[in-house]
Amino acid sequence: MSSSFAPLQNDTFLRACLRQATDYTPLWLMRQAGRYLPEYCATRAKAGSFMGLATNVDYATEVTLQPLERYPLDAAILFSDILTVPDAMGLGLSFAQGEGPRFATAVRDEATVARLAAPDLDKLRYVFDAVTSIRKALNGRVPLIGFSGSPWTLACYMVEGAGSDDYRLVKSMLYARPDLMHRILQVNTDAVAAYLNAQIDAGAQAVMIFDSWGGVLADGAFQQFSLAYTARVLAGLKRTGVDGQIVPRIVFTKGGGLWLEEMGALDCEVLGLDWTMNLGKARAIVGASKALQGNIDPNVLFAPPAAIEAEAKKVLESFGRPHTDRSMPGPTHIFNLGHGISQYTPPDHVAALVQAVHAHSRLMRK
């Protein structure tokens, strides 16, 4: 398998993940393949639906590469959705145009929880085929990131049956029937670890766990119902990819800044941060053991290019002096948004951000 993949031409992102010195701060964007790009909208129209796009290997490959044709980004991320795993459990995922995801079957009672099982990975073959196809199409240009939702974030959607404003149903179960919640989380943990390992086997060069809803939990509940299961997933992941290289693991908890000290103990290479956290403070809390990823406010991208450039510099400066000693590991930063890019973002504003980050981070290393 590995012999069919071209050698990597730009390894800046992977080096930064492993806390190695780089010539500039690498950058990629959460949801970089998406609705803000007219070419994405055109491909989605051809596919007929979001799931039609995600389950078609050629379309998924096409939209993953679209942002790289426009911008000199330092990594590609698989085009898929975090809810493919519960969909493969038989919960019936659908996306209406302009609306969020919805499940035909919600997991809310003892009987449904008892029936829950980690899915047959063959049902997710389209994801792994897409990973291999994208990796080949990239032809070594930049590394490919695979991903999954965290066990807790998947549970939120599975119990609520859709997105939620108040998390009433999932939190009711958590407090009233923690036994049921733990059972769901254990099944999800097994499923997520197997899913990410299959992506690694298909050619993913880094993997990311999106704990998008970890920040809605109370202190104490976060540690018990989110962090503990993320840690179990990490413990089950393969450490090297098909080419024998280390596969860095990234954990992103939106709203997780409160628990950064505890997250610093996770067995992963990179912690992602949302825009509420100062990178310099995060660096001081986490110490030398992790690279940091983030964390400009995605809404900065609605400001004029000069303001975008100023804000990008602020984020780079907040992390502090970059690590430049190639003989040893040190503190490193991967530039990203603090959450996914908005569908209303002007594409030329993204170009301004990428240019500013690459240029200013080079100057900081002089």
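Fair warning: this is a prediction, and the values are worked out from it, not measured in the lab.
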Validation row: Leu260, Leu273 side chains within 4.5 angstrom (heavy atoms): yes
Which residues share a side-chain hydrogen bond (donor to acceptor under 3.5 Å, both in side chains) with Glu69, sequence neighbours left out: Arg141
same_hphob_cluster(Leu144, Leu18) at 4.5 Å side-chain heavy-atom cutoff: no
Test side-chain hydrogen bond (donor to acceptor under 3.5 Å, both in side chains) applied to Trp275 - qualifying residues, sequence neighbours left out: none
Asp267 with Arg249: basic N within carboxylate O range, under 4.0 Å: yes
Residue pair Arg135 / Asp243, side-chain heavy-atom distance below 4.5 Å: yes
Test item: Thr112 side-chain N/O and Val107 main-chain N/O as donor-acceptor pair under 3.5 Å: no
Side-chain heavy-atom pair Leu217, Gln224 within 4.5 angstrom cut-off: no
Under 3.5 Å donor-acceptor, Arg15 side chain and Gln20 backbone: no
Check: Phe103 ring centre within less than 6.0 Å of Tyr157 ring centre: no
Heavy-atom check, side chain of Phe128 versus side chain of Asp201, under 4.5 Å: no
Electrostatic pair Glu317-Lys314, nearest N-O below 4.0 angstrom: no
Nonpolar side-chain network containing Phe302, other nodes, edges under 4.5 Å: Tyr344
Main-chain N/O of Val247 paired with Lys238 side-chain donor or acceptor, under 3.5 Å: no
Electrostatic pair Asp109-Arg177, nearest N-O below 4.0 angstrom: no
Salt bridge (Lys or Arg N to Asp or Glu O under 4.0 Å) involving Arg125 - partner list, sequence neighbours excluded: Asp122
Stepwise side-chain contact (heavy atoms from CB on, under 4.5 Å) check, Asn188 with Tyr229: CA-CA 9 Å; Asn188 287 356; Tyr229 289 96; over 6 Å; no
Short side-chain to backbone donor-acceptor contact, Asp211 and Ser226, under 3.5 Å: no
Partners passing ring pair (Phe, Tyr, Trp, His ring centres under 6.0 Å) against Phe50 (at least two apart in sequence or in another chain): Phe79, Phe95
Under 3.5 Å donor-acceptor, Gln199 side chain and Phe147 backbone: yes
Geometric class of the Phe222/Trp259 ring pair [parallel <30°, tilted 30-60°, perpendicular >60°]: parallel
Ser342 backbone acceptor or donor facing Arg31 side chain under 3.5 Å: no
Reported OG1-to-CZ distance for the pair Thr25 and Phe13, which is rounded to 0.5 angstrom: 13.0 Å
Aromatic ring proximity Tyr24/His360, centre distance under 6.0 Å: no
Check: Tyr126 and Met51 side chains under 4.5 Å, non-hydrogen atoms: yes
Within one Ile-Leu-Val-Met-Phe-Trp-Tyr cluster: Leu258 and Val251, side-chain cutoff 4.5 Å: yes
Aromatic plane relationship, Phe210 with Phe252 - under 30° parallel, 30 to 60° tilted, over 60° perpendicular: perpendicular
Tyr195 OH to Leu237 CG distance, which is reported to the nearest 0.5 Å: 13.0 Å
Close side-chain approach of Asp74 and Trp28, heavy atoms under 4.5 Å: no
Flag side-chain contact, heavy atom, 4.5 Å: Val159 against Arg108: yes
Interatomic distance, Leu29 atom CG to Leu337 atom CG [nearest 0.5 angstrom]: 4.5 Å
Donor-acceptor contact below 3.5 Å, side chain Thr153 vs main chain Ser212: yes
Under the ring pair (Phe, Tyr, Trp, His ring centres under 6.0 Å) test, residues paired with His339 that sit two or more places apart: none
Sub-4.5 Å side-chain heavy-atom contact between Ser49 and Ser94: no
Within one Ile-Leu-Val-Met-Phe-Trp-Tyr cluster: Leu83 and Leu169, side-chain cutoff 4.5 Å: yes
